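Below you'll find the structure, written out as structure tokens, and then a few comments.
These numbers come from a predicted model, not from an experiment. Throughout, protein chains are lettered first and strands after them, A, B, ... in sequence-line order, and every chain is numbered starting at 1.
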Number of protein chains: 2
Amino acid sequence: MKVSREQVALNRQRIVETAARLFREKGYDGIGVADLMKSAGLTHGGFYGHFESKEDLLAEATAHALKKSVERWQGYAAQGPETALDKIGQGYLTEQHRDNPGAGCSVTALGADIARLGPKARRALTEGASGQMAVLQKLMSGQDDAEKRKQALAKYASMVGALVLSRAVDDEALSVEILQAVQASLSSTQ
Amino acid sequence: MKVSREQVALNRQRIVETAARLFREKGYDGIGVADLMKSAGLTHGGFYGHFESKEDLLAEATAHALKKSVERWQGYAAQGPETALDKIGQGYLTEQHRDNPGAGCSVTALGADIARLGPKARRALTEGASGQMAVLQKLMSGQDDAEKRKQALAKYASMVGALVLSRAVDDEALSVEILQAVQASLSSTQ
DNA sequence: ATTATCTATAGATCTATAGATAATGC
DNA sequence: ATTATCTATAGATCTATAGATAATGC
């Protein structure tokens, strides 16, 4: 049942993308290797030909997902600094994002899990978060780079926290209120 | 091996406190009922005399931990509004808190897990988070209650996000930088 | 007599590996 | 001949339950 080299690469990519979605949806411990491979259309045993371990896959899936996210933000920033911050907020601080963790921010969905896991996943998360904070920094209003960086870090933290909170509370009105409060604070000078 | 009624209540309380610590340290899936009971000095089978399920215990442990946290914040607030915000930030946005999740904020440590779990745990988290936001609201500088509430929600989100980020990144300097940026933003008007 | 805790286990997972199978690509 | 994927399984978990044990408290 061997497949072509091209197909192997496609299979591997499909495992990574499936994992990126399922880990964000269900958490690292919420999905097993067997179910993950089944979702990718392959069988359990084949997994270890592609990856050393489940944790290795998490690192690769996190790197993949965050890279795409950083590129999206860079795209907004390239369209001009005035609207970029609004667009980033409108993509991040919404019910759409809150209700679709599988396609959303990996820091929010997996940050607590990754904090307890090995160095590869933490590296991937750190690079992704740094990339997003770098985009934010350019959009800040501070007088110098040091001030802009401080602002960017604080804004980013507020976005991550808002999404974690909006997903965890059981009160829809409160959930939306949190997202909107942070969205409003994004464009304020500070 | 029956024990006195008094001892039963003490045992139950010890299970809750042990669970509150271990769930925050290791995540909901990171600690099993057997190990948890062992840490509390009891055997596995006894657990189901005290709680209906592991998830039930999570809800109770989360309620317990957040209640204590809200009371601490209320204590700071009672000492006067000027220093209260600094004290809250100095308790929350520190390496000490970052490195001791077992005694820290349940929203940060378990928010992503609880978002995927049943209604009881989400209820406990929502009540705790609402309590903390209510304390913050009184300390805000806004002109009316609506504005103060918006400020409090945004500040709280930034604190939660800062801790999640500071624990997840693998770069000590960046981790501290995030905590300090949010600490600085706490006392700023906005 | 009641009941809190104990030991033991059922039944269902989980990650990782061993060895078989069959299609690719030299 | 090589190798990507398959089936099958080892060994270690996990939650929850059943029934035994022994101390409390009527």
Apply the test side chain to side chain donor-acceptor pair (under 3.5 Å) to residues Asp171(A) and Thr126(B): give CA-CA distance (whole Å), side-chain angles for both, the deciding distance (0.1 Å), then the verdict.
CA-CA 7 Å; Asp171(A) 178 334; Thr126(B) 306; over 6 Å; no

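Across the protein-nucleic acid pair, Leu10(A) atom CG and dA4(D) atom P stand 14 Å apart, rounded to whole Å. Summarising the geometry, the separation between NE2 on His50(A) and C1' on dT5(D) is reported as 8 Å, rounded to the nearest angstrom. Taking atom CD1 of residue Ile15(A) and atom P of nucleotide dA4(D), one finds them 12 Å apart after rounding to whole Å. In this entry the distance linking CD of Glu6(A) with C1' of dT24(C) reads 13 Å, nearest Å. One interatomic measurement links the two molecules: NZ of Lys2(A) to P of dA23(C), which rounds to 12 Å at whole-angstrom precision.
Put simply, the side chain of Met140(A) does not reach to within 4.5 Å of the side chain of Arg149(A), judged on heavy atoms. Residues Asp86(A) and Gln183(A) have side chains in contact (heavy-atom distance under 4.5 Å, counting atoms from C-beta outward). Residues Lys150(A) and Glu177(B) have side chains not in contact (no heavy-atom distance under 4.5 Å, counting atoms from C-beta outward).
Rounded to the nearest 0.5 Å, atoms CZ (Arg122(A)) and OG1 (Thr62(A)) are 13.0 Å apart.
A residue-by-residue look at Gly41(A) and Arg5(B) shows that Gly41(A) has its nearest nucleotide of DNA chain D further toward the 5' end.
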With the sugar-phosphate defined as primed atoms, P, OP1 and OP2, and the base as all remaining atoms, what B/S/- string results for nucleotides 11-17 of chain C, 5' to 3', for protein heavy atoms under 4.0 Å?
---SBBB

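When the side-chain nitrogen and oxygen atoms of Asn11(B) are compared with OP1 and OP2 of dT5(C), one or more of them lie within a distance under 4.0 Å.
When Watson-Crick and G-U wobble pairs are counted only if both distances are under 3.5 Å, dA16(C) pairs with dT9(D). dT21(D) is paired with dA4(C) under the Watson-Crick or G-U wobble criterion, all donor-acceptor distances under 3.5 Å.
Within 4.0 Å of Ser4(B), counting heavy atoms only, lie sugar-phosphate atoms of the nucleic acid but no base atom.
Ring planes of Tyr28(B) and Phe23(B): tilted class, angle from 30 to 60°.
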